[in-house]
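What follows is a short report on a single structure.
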Amino acid sequence: MVFERKDVTRSEIVRFDVEAYSFDAIQRAAYRFCDRISVEVTRDDASWLCAVFPAAATDFSDEDVAAFRIECLDQTLRERIRIETEAVRNLILAHAFAGLVEQPPS
Amino acid sequence: MRRRVDSPEPQTPSGGWSLLPLTFHRLSSGSVAVSNAAGELVVLSQPEFEALMSCEIHDQALLRTLKAKHLVRDPDDDLPIELLAMKVRTRYAALAELTKLHIFVVTLRCEHSCQYCQVSRRSSNRAGYDMSVETADAALAVAFASPSRSIKLEFQGGEPFLNFGLIRHLVEQAESLAEATDRDVSFVVTSNLALLDDDIIDFCRDHSVFVSTSLDGPIGIHNANRPRPGGDSWQRTMSGIRRLQDEIGPDSVSALMTTSEASLGRASEIVDTYVEAGLLDIFLRPISPYGLALRTGSHSSYDVTRWLKFYREGLERILAHNRAGIPVVERYAAIILRKLLTNEDSGYVDLRSPSGIGIGALIYNYDGDVYASDEGRMLAEMKDHTFRLGNLHADSYEDFVLSEQLLVPLDESFALSAPMCSTCAFERCCGADPVFHHATAQDFLGRKPTSAFCQRNMGVFELILDLYHSDDFARITFQRWSMS
């Protein structure tokens, strides 16, 4: 896959192993950083390929790319927490609002 | 038999604990703010956070903290689930009360020309911009149709005392209705105090009408922001504050400041002005992008970074006064601290999710139109009627709160359904502001990475947490503020 963006001064490809990262985690990280970078995501057999471009007129920095990588890690962690605690979270909400459910007339 | 959380646990070296639902945010200090399912927050060091994530918790003090904050539990223990459910239910319980705050725009006339005015005021001699008695009575009927047991009527303008006769009528009628319906009713007038006289003061005293005014800081800042004929806005404001404090009581009047370009870099002077005037409750506000502020471009004259620097300076100056024995409160911090440190919420309309528009406050304009928020009314002055819910002479309270114009922005801006917000550790402290995001991004939800609302609030949350954990005096002061 070739990314061609001739209208910007800098672009970079960041790779993530598909076994270690989900698309959802990368997408959430990309959204969080959309004030600094814009990201186009595709994949090959083994990797997510993130083409990083500037989000505004100024170029992004190496620190922005590094922070994006770390954010992908954090989003993966958040995803793990979400999955691991989904059942008990639903239970908490069900307990919290059970009193609002009207009982059908007997 | 259910195990109590505080019963002695087996001292196992590792594992055996289950994670409870949580979110986290990495602070710039390197620590991690972790929030449980009810939005209660704890700040952990990186090693402590890693221990939590792995559930390999060897430090017994850390384990007690994590269990007390309902971040981990013994898989056989259901009590944390029930406690969290109760806290979540408590958090949203006030929604059933619906609209408590009812704002009456009794006139659009005003003799000031404040550069940041969000009202787009009319000059004081222009007829046709006063609320009529018929419209006022219709608005009062709608206000008392709200199921809220406690109702607050706020009179705004323009300068509301230019229509003092109508305020008098509304207060007397509201008192009768409150007695007849067994409700609590309270009154606030937001005024520039330039027209304060004996009649007004006597009335405020007799009917416990609280007065809120604007004080932007020392005379140079205030008069530059708020020109009026004679150029004496500051003098009149200070004189009015003193009169109200002397003749009714020190707690009869409060003030709000609005940050302008002239304010930046002068936070300490602004705080000192308030303290010298005996005003010990200071709300360091940003400028809003509505009304004249939008037309004059003054809303874009400074960015969030500069405002956060201003806020930090102001907050530190306020803490310095507290160290000197003067119990000044920064109101925005107090609102946030109440959410952070207690299970309560002050109900501040502009910082809650679901948003407080309509369901927290309704605005009755002088012409009978009803708006979901004060800012929504200001957008209407700019020909944007997105948040107009209807008219008093055609629609009922139910029509207003069940309208698509209200339900759609409430739904679309709900933080727990929003990208970034739904997984933010500060979601409980924060809120949804569909009016702000509509005004600035043409979208009720906005895009949080570029949202000034998000950046501003995140900056304040981090600052408060940083001070809370690094400064013993600040921590004690903040604990007191959380209950104020």
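Each chain gets a letter, A, B and so on, in the order the sequences are listed, and its residues count up from 1.
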Review point. Considering only heavy atoms from C-beta outward, does the side chain of B/Met53 approach that of A/Ile81 to under 4.5 Å?
Key: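 In short, these two side chains touch, coming nearer than 4.5 Å.
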
Notebook entry, point to check: Would a 4.5 Å heavy-atom cut-off, applied to side chains only, mark B/Pro449 and A/Phe33 as touching?
Noted result: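 Not in contact.
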
Structural part of B/Tyr92 lying under 4.5 Å from a heavy atom of chain A: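 Answer is side chain: those atoms of B/Tyr92 sit under 4.5 Å from chain A.
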
### Task
Let me know if B/Arg91 has heavy atoms under 4.5 Å from chain A in its side chain, its backbone, both or neither.
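No part of it gets close to chain A.
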
Residues in ring-ring contact (aromatic ring centres under 6.0 Å, His included) contact with B/Phe453, at least two apart in sequence or another chain: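 B/Phe453 satisfies ring-ring contact (aromatic ring centres under 6.0 Å, His included) with B/His437 once adjacent residues are dropped.
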
Note to self: Take a 6.0 Å sphere around CD of A/Glu19 and say whether it holds more than 12 heavy atoms from other residues, nucleotides or ligands.
What the structure shows: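 Result for CD/A/Glu19: open.
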
Sort out for me which of B/Lys87, B/Met86, B/Lys448, B/Arg26 touches chain A most, counting heavy-atom pairs under 4.5 Å.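 The option with the most such pairs is B/Arg26.
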
Discussion item. I need the residue from B/Thr90, B/Thr450, B/Leu20 with the largest number of non-hydrogen atom pairs under 4.5 Å to chain A.
Written reply: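 The residue among B/Thr90, B/Thr450, B/Leu20 with the greatest pair count is B/Leu20.
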
A/Arg28, part contacting chain B, at a heavy-atom distance under 4.5 Å: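 Answer is side chain: those atoms of A/Arg28 sit under 4.5 Å from chain B.
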
- Could you grab the distance from atom CE of B/Met420 to atom SG of A/Cys34, nearest 0.5 Å is fine?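 Separation between the atoms: 8.0 Å.
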
Query raised in the report: Hey, which residues of residues 82-93 of chain A are touching chain B, say heavy atoms under 4.5 Å apart?
Result: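 When heavy atoms of chain B are the reference, residues 82-93 of chain A contributes A/Arg82, A/Glu84, A/Thr85, A/Val88, A/Arg89, A/Leu91, A/Ile92, A/Leu93 within the under-4.5 Å range.
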
Max heavy-atom pair count under 4.5 Å with chain B, selected residue of A/Arg32, A/His95, A/Arg78: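 The option with the most such pairs is A/Arg78.
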
